[in-house]
Number of protein chains: 2
Amino acid sequence: MGTRQEISELPPDADLARADSLAREIFAEIANKWALLIIEFVGQRTMRFGELRDAIGGISHKMLTQNLRMLEHNGLITRTVHATVPPRVEYTLTEAGQALRTVVDGMCDWTQRFLPHIEAARRDG
Amino acid sequence: MGTRQEISELPPDADLARADSLAREIFAEIANKWALLIIEFVGQRTMRFGELRDAIGGISHKMLTQNLRMLEHNGLITRTVHATVPPRVEYTLTEAGQALRTVVDGMCDWTQRFLPHIEAARRDG
DNA sequence: CGGAATCCTCAGCGATACTG
DNA sequence: CAGTATCGCTGAGGATTCCG
């Protein structure tokens, strides 16, 4: 991509349209409900594992760990282990994570705003 | 939700935190890579089924249909059938869809912007 | 060309149990 | 309390085929 003899009517620069595979891969990893919900909740304040699990609700222990690892690996959250007993592990957003959080906020707002619209659309079928 | 004797340190109104189950359900439906990619591409211009399939790339016939139906059902896209032969079916964003599109745009921008950051984080890993 | 239905497979995910 | 590992299953999702 980058060359474009073929198409004509697309806007000059179309975001993910000219996405290199890496951008796509990242987009695909991030764009799932659990990851985004985690970003949203951790964005509110630093949280512990258990707090997060309870706050999100309906997420399994395994999925939470899995997504936390993924987000950490991509540098969106920071994992801090306090060597106490019982152990205390806290999760915080990195700069990148906070930037994403504003986007997710937008998505939450959108959901609230268009809730009536969506309900209506569903009724009409 | 709506009552909140328990918690204390959460910001006054925490978006999806006090999410009723319907908002959550919608969020979960929309927040998947295929749905968001469709929104992004259809947002660029009205597109036909085949165009979309090619533009997105890597999506199966089935998944595309499935997600298009879902988005239509939630009132995010409009499906227009031209009674010609061969058939011509076009998809366009509704007002709600366009609003969501701006959010997805933000997410695409974010991906581009923090791509280096993420690559770096992965290397340290 | 766009859609529906069928079959089949693999991995996403939940449940459970064990460690530090 | 947090994390890892294992097992087992359901169902998401790919490939294929037929229809309008």
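Residue numbers begin at 1 in each chain, while the letters A, B, ... track the order of the sequences.
- Salt-bridge check for Lys33(B) with Glu40(B): failed, with every basic side-chain N at 4.0 Å or more from each acidic carboxylate O.
- For the 3.5 Å distance criterion, the side chains of Thr46(B) and Thr92(B) qualify, holding a donor opposite an acceptor.
- The side chain to side chain contact (heavy atoms under 4.5 Å, CB included) with Leu71(A) is formed by just one residue from the set Ile77(A), Val42(A), Thr78(A); it is Ile77(A).
- If you check dG3(D), dG2(C), dG14(C) against the side chain of Thr65(A), the one that comes closest is dG3(D).
- Between the C1' atom of dA5(C) and the CD atom of Gln66(B) lies a distance of 13 Å, rounded to the nearest Å.
- Proximity of Leu76(A) to Ile30(A): side-chain heavy atoms (C-beta onward) are separated by under 4.5 Å at one or more points.
- Note: NZ (Lys62(A)) to C1' (dG12(C)) measures 7 Å, nearest angstrom.
- In this entry the distance linking CG of Asn32(B) with P of dG11(D) reads 18 Å, nearest Å.
- Distance CZ (Phe49(A)) to C1' (dG3(D)): 8 Å, rounded to an integer number of Å.
- Side chain of Gln112(B) to backbone of Asp109(B): no donor-acceptor contact under 3.5 angstrom is found.
- A donor and an acceptor atom sit less than 3.5 Å apart, one in the side chain of His61(A) and one in the base of dG3(D).
- Take the nearest nucleotide of DNA chain C for Asn67(A) and for Pro87(A): the residue whose nucleotide is more 5' is Asn67(A).
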Watson-Crick and G-U pairing of DNA chain D, under 3.5 Å, as dot-bracket with | and [ ]: ||||||||||||||||||||

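- Atoms CD (Glu51(B)) and P (dG2(C)) sit 8 Å apart, rounded to a whole Å.
- Summarising the geometry, the separation between CE on Met70(A) and P on dG12(C) is reported as 12 Å, rounded to the nearest angstrom.
- By the salt bridge (Lys or Arg N to Asp or Glu O under 4.0 Å) test, Arg88(A) is found to be paired with Glu90(A), residues two or more places apart in sequence or in another chain being considered.
- Within the 4.0 Å cut-off from OP1 or OP2 of dG3(D), at least one side-chain nitrogen or oxygen of Arg79(A) is found.
- The interatomic distance linking Met63(A) (CE) with dA15(C) (P) rounds to 11 Å, in whole Å.
- Residue Arg69(A) places at least one side-chain N or O under 4.0 Å from the OP1 or OP2 atom of dT4(D).
- Counting to the nearest Å, the P atom of dA11(C) and the CD atom of Glu29(A) are 16 Å from each other.
- For residues 115-125 of chain B, the set of pairs meeting the side chain to side chain donor-acceptor pair (under 3.5 Å) definition, not counting sequence neighbours, comprises Glu25(A)-Arg122(B), Glu29(A)-Arg122(B), Asn74(A)-Arg122(B).
- Across all strands shown, Arg88(B) has no heavy atoms under 4.0 Å from either base or sugar-phosphate atoms.
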